[in-house]
Amino acid sequence: MPPEEQHRVVLHLDALLARKGLTLTELADRVGLTLANLSILKNGRAKAIRFSTLTALCDALDCQPGDLLEVSDRTGSRT
C-alpha cells in the first residue's frame, strides 16, 4: 500500500469570513466549535471534517460546500 498522500483540500474560510464581516471567534460561537478546532480547519491542518460541521459552517456563512472547499492540483496550485 502506498504511503498516505497529504490532502490537497483548501478551505476558503478567510475570504468567506471577510465577505460576511465575521471574525474567527464569532464564527466559532455560531457553529459551536472551539476557536482552536476552527483554527485547525482554517490553517489546513485538519484531516477530516464532519458533515454536521460543514453544514453549520455553510449555514453561518450563507454558502455552499463548494464555496468553502476546493481541491488543489498535484502541484499545489488551485484548480
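Starting from 1, each residue takes its place in the sequence as its number. The basis for the numbers below is simple: all heavy atoms, side chains too, and nothing from hydrogens, waters or symmetry mates.
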Could you measure the distance from the [atom1] atom of [X] to the [atom2] atom of [Y]? Nearest 0.5 Å is fine.
{"X": "Cys63", "Y": "Leu54", "atom1": "SG", "atom2": "CG", "result": "8.0 Å"}
{"X": "Leu16", "Y": "Leu27", "atom1": "CG", "atom2": "CG", "result": "9.5 Å"}
{"X": "Glu26", "Y": "Leu17", "atom1": "CD", "atom2": "CG", "result": "9.0 Å"}

Test Leu11 against Glu70 for side-chain contact (heavy atoms from CB on, under 4.5 Å), laying out the working first. CA-CA 7 Å; Leu11 193 70; Glu70 179 181 6; over 6 Å; no
Non-hydrogen atoms of Pro65 and Cys58 that approach each other most closely: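 Looking at all heavy atoms of both residues, the closest pair is N-SG, 3.5 Å.
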Just so I know, are the side chains of [X] and [Y] near enough to count as touching, which here means a heavy-atom distance under 4.5 Å?
{"X": "Val10", "Y": "Leu69", "answer": "no"}
{"X": "His7", "Y": "Lys47", "answer": "no"}
{"X": "Leu57", "Y": "Leu68", "answer": "yes"}

Under 3.5 Å, is there a donor-acceptor pair between the side chain of Arg19 and the main chain of Leu61?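 Answer holds: yes.
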Please confirm whether the backbone N or O of Val71 pairs with a side-chain atom of Arg8, one donor and one acceptor, at under 3.5 Å?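 Not a single qualifying donor-acceptor pair exists.
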Restricting to pairs with a member in residues 55-69, which pass side chain to side chain donor-acceptor pair (under 3.5 Å), not counting sequence neighbours?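 Applying side chain to side chain donor-acceptor pair (under 3.5 Å) to every pair that reaches into residues 55-69, excluding sequence neighbours, yields nothing.
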Pairs under 3.5 angstrom only: tabulate donor-acceptor contacts from the side chains of residues 37-45 to other protein residues two or more places apart or in another chain.
| unit_1 | atom_1 | unit_2 | atom_2 | d |
| --- | --- | --- | --- | --- |
| Asn37 | ND2 | Thr34 | OG1 | 3.3 |
| Ser39 | OG | Leu35 | O | 3.0 |
| Asn43 | ND2 | Ser39 | O | 3.1 |

Worked verdict on Thr53 versus Leu33 for side-chain contact (heavy atoms from CB on, under 4.5 Å): CA-CA 8 Å; Thr53 300; Leu33 290 175; 3.7 Å; yes
